[in-house]
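Naming convention: chains lettered A, B, ... in sequence-line order (proteins, then strands); numbering from 1 in each chain.
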2 protein chains.
Amino acid sequence: MDTKDRQIIRALQRDGRMTNQDLAEAVNLSPSPCLRRVRNLEAKGVIQGYSAEVDPAAYGLAITVFVRIKLERHNEEDVQKFEKRARLIDEVLECHVMTGAMDYQLRVLVPDLEAYENFIRNRIHPIGGIASIDTSFVYGTVKRTAVFPLSR
Amino acid sequence: MDTKDRQIIRALQRDGRMTNQDLAEAVNLSPSPCLRRVRNLEAKGVIQGYSAEVDPAAYGLAITVFVRIKLERHNEEDVQKFEKRARLIDEVLECHVMTGAMDYQLRVLVPDLEAYENFIRNRIHPIGGIASIDTSFVYGTVKRTAVFPLSR
DNA sequence: TATAAATTGGCACAATCTGCCAATCAGGGG
DNA sequence: CCCCTGATTGGCAGATTGTGCCAATTTATA
């Protein structure tokens, strides 16, 4: 993982579908070593995949919600159960374990407020063992990028 | 935006670099109309771009932080100033305007705790007009996907 | 400086993309 | 019921891109 690898990563975060030839030119390599580095980063799990960035509203998911959840108990069993169930919920795009007053933060995508109510009632509450839920809706997005800062 | 478009979108969220031929097969189309639909979704801004998914720790950014910020005043000038400055900070990958007690939530990536302290001191506080900051570090990530739920 | 290991560049072949044209399909009016 | 129109589709050929191999170059080490 040298400077060239980091250049490659940032270029592919900006445009994950750029051709290997353009990428090679952008990082001052010829195509074959460039492709080799990319494949290597993929094999080592540094690059975990590629994905299309889609406007949620245009797709029909107008509402983004950050949901913070605190469990009643933190024994192995209840924690495993919560995390296993959370992973299976399609509306949950992210679920992180957090420091602070709440245990988890979820990023949730739903078409409307009614769907959010149903999500809480039918997907979250049935998991059980939940002490409290704190909901924040997203009004607007000031910035959203996949490109990491230059680390050194 | 019909069922086929949604299939295409979800397939490209799972693998943004899949060949048009594989994509066409996955959604039961032949390559040319499939490519036309993709280009159309791109032109309409539904697909906003493509990007590589990278492991932040492997890249050297071990710490993910969600920072919630409340402003002292909400006049046009102070809000514009904060948002403009936030957009320019490389460590800030996301910045959303939120409902609830705090005004903004940022997703921030830094190499270590020291860098986080510097980030707050040198990037956030100098903006001015900030009433309070609430920091939550990410211990672990239970789920992280780019694939939207089937809408309907 | 000599040597070994790692990385690079170029080339040829295979796979993929791209733009065009004809064929097919869906909907509306006579 | 049929014909017409517009939209969408499928297939094809040329251009672009990816892929794997080998020799040349660079880098690191003794």
Here the distance between atom P of dG9(C) and atom CG of Leu29(A), to the nearest Å, is 6 Å
Arg37(B) side chain N/O closer than 4.0 Å to the phosphate oxygens (OP1, OP2) of dT8(D)?
no
In terms of ring plane angle, is the pair Tyr116(A) and Phe137(A) parallel, tilted or perpendicular, where the classes change at 30° and 60°?
perpendicular
Give the rounded distance in Å between these two atoms: CD of Glu25(A) and C1' of dT8(C).
17 Å
Spacing of Asp2(B) atom CG relative to dA7(D) atom P, expressed in whole Å
15 Å
Hey, which sits more toward the 5' end of DNA chain D by its nearest nucleotide, Ser32(A) or Gln21(A)?
Gln21(A)
How would you label the contact of Thr19(B) with the nucleic acid (heavy atoms, under 4.0 Å): base, sugar-phosphate, or nothing?
sugar-phosphate
Look at Arg36(A) and dG9(C) and indicate whether a side-chain polar atom (N or O) is within less than 4.0 Å of OP1 or OP2.
no
In whole Å, what is the span from the CG atom of Leu23(B) to the C1' atom of dA15(C)?
17 Å
So, Lys70(B) side chain and Tyr104(B) main chain: donor-acceptor pair closer than 3.5 Å or not?
no
For atom CG of Asn20(B) and atom P of dT16(C), their distance in whole Å
11 Å
From CE of Met18(B) over to P of dT16(C), roughly how many Å is that when rounded to an integer?
12 Å
What is the distance, rounded to the nearest whole Å, between atom CG of Asn28(B) and atom C1' of dT9(D)?
13 Å
Examine distances only and state if a side-chain atom of Lys143(A) and a backbone atom of Val92(B) form a donor-acceptor pair shorter than 3.5 Å.
yes
Can you identify which nucleotide, out of dG11(D), dT19(D), dG9(C), has its nearest atom closest to the Ser30(B) side chain?
dG11(D)
Does a side-chain N-to-carboxylate-O contact under 4.0 Å join Arg37(A) and Asp2(A)?
yes
Please determine, for the side chain of Arg39(A), which listed nucleotide (dG18(D), dT8(C), dC17(C)) has the closest atom?
dG18(D)
Whole-Å distance separating the CG atom of Asn40(B) from the P atom of dA7(D):
13 Å
Decide, yes or no, whether a salt bridge links Glu117(B) with Arg121(B) under the criterion of side-chain N to carboxylate O below 4.0 Å.
yes
